[in-house]
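What follows is a single structure, written as structure tokens, with notes after it.
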Amino acid sequence: MKIEAKLLQVNPIQPEKDVIRRAAEVIRLGGLVAFPTETVYGLGADALNPEAVARIFTAKERPPNDPIIVHIADVEDLALLAKDPPEIARRLAEAFWPGPLTLVLPRAESVPLIVTAGLETVAVRMPSHPVALALIKASGTPIAAPSANLFGRPSPTTARHVLEDLGERVDLILDGGTTYIGVESTVLDLSAEKPTILRPGGTSREALCAILGEVEVARKIPREGEKLKSPGLMRRHYAPQATLLLFLGPEEAVLASMREKVSHLLREEKNVGLMLAQEDMVAFKGQPVFIQNLGPKGDLSQIAHRLFAAMRALDQKGVDVILARGFGSVGLGLAIEDRLLKAAGGRVIRL
Ligand code: TXA
Ligand code: MG
């Protein structure tokens with residue numbers, strides 16, 4: 001099948017040189033390569049080639065006002081992309097790069113405006129995934145890459161997810177297996193007066209606080225019609241096709257309320273999907289529902305790792321409604337809650 005030919009297997013730990021060379025060639029020629037990062041799969045193009053970047057927007061059906069992160073493989077390349085980065089950017093880079101932290105900084109002239117959606121700031125990150133690093137190095141250019149999903153859909157954590165969403169629209173997909181973290185990088189705005197988290201992600205607020213002292217977190221759900229600092233803060237986003245209801249609050253109340261809702265939905269003959277912690281599963285034993293076990297509730301890494309894949313799996317089952325619960329807002333819990341809130345698009349039951 002033609003589509004399958006686009007999938008190239010790559011060793012995620014020691015990427016094969018010939019595979020990387022082929023992919024880098026596509027980038028240099030202005031094409032699109034989907035590749036694994038430690039967070040989610042990215043849809044990459046030469047960040048300094050405006051026509052190549054334009055193809056990203058088309059492939060994803062992404063609105064042109066949503067800026068794209070630029071990926072580098074060497075801290076020194078920060079000077080190429082950002083104008084006079086503040087000292088704190090260097091310190092954060094030293095502490096967290098390579099890794100799931102994106103820094104928003106004043107844009108250098110070399111960065112095409114299509115990348116930043118016309119903004120005078122640019123978002124930069126150095127991923128830690130060996131395939132991503134090897135690809136950037138071999139391409140000899142920074143790589144602009146949003147998550148490799150259709151706009152608004154859950155981010156892809158496997159090459160298969162990329163194929164489902166983008167198929168024919170991407171020139172090459174590097175299949176390096178499942179990504180490690182499973183939620184995207186933390187986007188930290190250093191161009192604001194106070195360092196502000198625009199999107200919680202793989203680097204925790206607590207870890208940033210240890211270096212910055214204090215960090216603001218941008219409000220999760222903007223009011224209708226409010227101007228957005230980061231379009232990633234949009235209301236319904238990272239969303240499955242099914243309607244997702246998010247239950248937040250004390251655990252016992254959450255589970256009781258979910259159980260009640262399940263009975264109600266089953267009486268209405270709805271197909272119901274649940275996203276649960278392993279410990280929650282006994283409460284729904286024997287119920288005719290589809291359950292995605294995200295893992296033990298204390299293991300936030302595993303829950304983050306499985307989150308988007310669970311939404312996609314329930315969509316595949318054709319469920320009408322997904323009931324999900326939060327896992328607090330400590331550490332990775334904040335990013336998990338953020339993605340669930342966006343997937344719920346305001347359908348939140350607070351107990
Ligand atoms: O982990 C990740 O960050 C993944 C991998 C592929 O690196 N990328 C990713 O990109 O999630 P994307 O495009 O799906 O999300 C980037 C977020 C968006 O919410 C965008 O609005 C924000 O970063 N962003 C990018 N440039 C910005 C800027 N100059 N100012 C404010 N927000 C920006
Ligand atoms: Mg995205």
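These figures come from a predicted structure and were not determined experimentally.
- Two residues are said to be in side-chain contact when any heavy atoms from C-beta on lie closer than 4.5 Å; Leu105 and Ser191 fail this criterion.
- With hydrogens and angles left out, the side-chain atoms of Thr179 and Thr157 include no donor and acceptor closer than 3.5 Å.
- One side chain, Gln9 or Asp175, offers a donor N or O that lies under 3.5 Å from an acceptor on the other.
- Shown here for Val217 and Arg205, the closest heavy-atom pair between the two residues is CG2-CD, 3.4 Å.
- The local environment of CD in Glu269 is sparse, with at most 12 non-hydrogen atoms from other residues, nucleotides or ligands closer than 6.0 Å.
- Side chains of Leu248 and Leu246 form a contact here, defined as non-hydrogen atoms less than 4.5 Å apart.
- Ring planes of His71 and Phe35: perpendicular class, angle over 60° (limits at 30 and 60°).
- Note on Asp338 versus Lys342: salt bridge recorded, some NZ/NE/NH1/NH2 to OD/OE distance being below 4.0 Å.
- Nearest heavy-atom pair across Ala45 and Ala52 is CB-O, 3.7 Å.
- Looking at Thr196, its side chain never comes within 3.5 Å of a backbone N or O of Ala192 through a donor-acceptor pair.
- Clustering of Ile, Leu, Val, Met, Phe, Trp and Tyr side chains at separations under 4.5 Å places Phe247 together with Leu245, Val254, Leu255, Met258, Val262, Leu265, Leu266, Val272, Leu274, Leu276, Met281, Phe284, Val289, Ile291, Val321, Leu323, Ile349, Leu351.
- We find the CD-CD distance between Gln14 and Glu16 to be 9.0 Å, quoted to the nearest 0.5 Å.
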**Q.** CA sep, side-chain torsions, deciding dist, call: Arg28, Asn49, side chain to side chain contact (heavy atoms under 4.5 Å, CB included)
**A.** CA-CA 9 Å; Arg28 275 199 302 272; Asn49 176 346; over 6 Å; no
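- Taken from CZ in Phe308 to CG in Asn149, the straight-line distance is 8.0 Å, to the nearest 0.5 Å.
- In this structure, the side chains of Val183 and Val40 stay at 4.5 Å or more apart for every pair of heavy atoms.
- Across all non-hydrogen atoms, the minimal contact from Ala242 to Asp315 is N-OD1, 3.0 Å.
- Listed for the Lys6 side chain is a donor-acceptor partner under 3.5 Å among the backbone atoms of Glu168.
- Here the side chains of Leu244 and Arg347 are not in contact, with every heavy-atom distance at 4.5 Å or above.
- Salt bridge annotation for Lys194-Glu216: present, with a cationic side-chain nitrogen under 4.0 angstrom from a carboxylate oxygen.
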* Under the side chain to side chain contact (heavy atoms under 4.5 Å, CB included) criterion, do Leu78 and Trp97 qualify, and how do the steps go? -> CA-CA 12 Å; Leu78 192 56; Trp97 284 358; 4.0 Å; yes
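- For the pair Gln278 (side chain) and Lys297 (backbone), a donor-acceptor distance under 3.5 Å is absent.
- Between Pro156 and Ser147, some side-chain heavy-atom pair lies under the 4.5 Å cut-off.
- Taking 4.5 Å as the limit, every side-chain heavy atom of Ile181 sits out of range of all side-chain heavy atoms of His305.
- Of all heavy-atom pairs between Pro142 and Leu48, the closest is CD-CD1, 4.0 Å.
- Within the 4.5 Å cutoff, the side chain of Glu38 has no heavy atoms near those of the Pro98 side chain.
- Distance CD/Glu25 to OG/Ser139: 9.5 Å, rounded to 0.5 Å.
- Pairing each heavy atom of Ala145 with each of Ile68, the nearest pair is N-CG2, 3.4 Å.
- In this structure, Glu337 contributes its side chain and Ser329 its backbone to no donor-acceptor pair below 3.5 Å.
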Donor-acceptor contacts, no H, no angles, side chain residues 79-94, under 3.5 Å, sequence neighbours left out:
none

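- Judged purely by distance below 3.5 Å, without hydrogens or angles, the side chains of Arg199 and Ser185 pair a donor atom with an acceptor atom.
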### Message
Pair Asp77, Lys137 - check salt bridge (charged side-chain N to carboxylate O under 4.0 Å, His left out), show working.
### Response
CA-CA 11 Å; Asp77 287 344; Lys137 278 186 199 145; over 6 Å; no
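- Neither side chain, Lys317 nor Asn271, offers a donor N or O lying under 3.5 Å from an acceptor on the other.
- None of Leu8, Ile27, Leu7 except one satisfies the side chain to side chain contact (heavy atoms under 4.5 Å, CB included) rule with Leu172; the exception is Leu8.
- Ion pairing between a basic and an acidic side chain is recognised when a charged N comes within 4.0 Å of a carboxylate O; Asp280 and Arg325 show such pairing.
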### Message
Walk me through whether Arg339 and Glu184 qualify under salt bridge (charged side-chain N to carboxylate O under 4.0 Å, His left out).
### Response
CA-CA 10 Å; Arg339 303 308 185 271; Glu184 304 86 338; 2.7 Å; yes
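- Between Asp171 and Arg55, at least one side-chain nitrogen of the basic residue sits less than 4.0 Å from a carboxylate oxygen of the acidic one, meeting the salt-bridge criterion.
- Across all non-hydrogen atoms, the minimal contact from Ala207 to Phe96 is O-CZ, 3.5 Å.
- Taking CD of Gln302 as the start and CG of Asn293 as the end, the distance is 7.5 Å to the nearest 0.5 Å.
- Ionic pairing of Glu61 and Arg169 is present here: one or more N-O contacts between side-chain nitrogen and carboxylate oxygen are shorter than 4.0 angstrom.
- Side chain to side chain, Arg125 and Thr37 meet the donor-acceptor criterion of an N or O pair below 3.5 Å.
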Dump the intermediate steps for salt bridge (charged side-chain N to carboxylate O under 4.0 Å, His left out) on Arg107 and Glu120, then the final yes or no. CA-CA 5 Å; Arg107 175 184 75 96; Glu120 284 307 325; 3.1 Å; yes
Step by step, would you call Leu188 with Val104 a side chain to side chain contact (heavy atoms under 4.5 Å, CB included)?
CA-CA 6 Å; Leu188 181 70; Val104 174; over 6 Å; no
| Does the pair Leu101 and Leu208 meet the rule for a side chain to side chain contact (heavy atoms under 4.5 Å, CB included), with working shown? | CA-CA 10 Å; Leu101 177 66; Leu208 291 173; 4.0 Å; yes
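- Considering CD1 of Ile303 and CG of Leu332, their distance stands at 9.5 Å, rounded to 0.5 Å.
- Judged by distance alone, with hydrogens and angles left aside, the side-chain atoms of Asp165 form a donor-acceptor pair with the main-chain N or O of Leu150 at under 3.5 Å.
- Linking ILVMFWY side-chain heavy atoms closer than 4.5 Å, directly or via other members, places Ile211 and Val75 in a single hydrophobic cluster.
- A donor-acceptor pair shorter than 3.5 Å can be found between the side chains of Thr141 and Asp46.
- Side chains of His161 and Arg312 form a contact here, defined as non-hydrogen atoms less than 4.5 Å apart.
- Here Ile143 contributes atom CD1 and Ile69 contributes atom CD1; the two are 13.5 Å apart, rounded to the nearest 0.5 Å.
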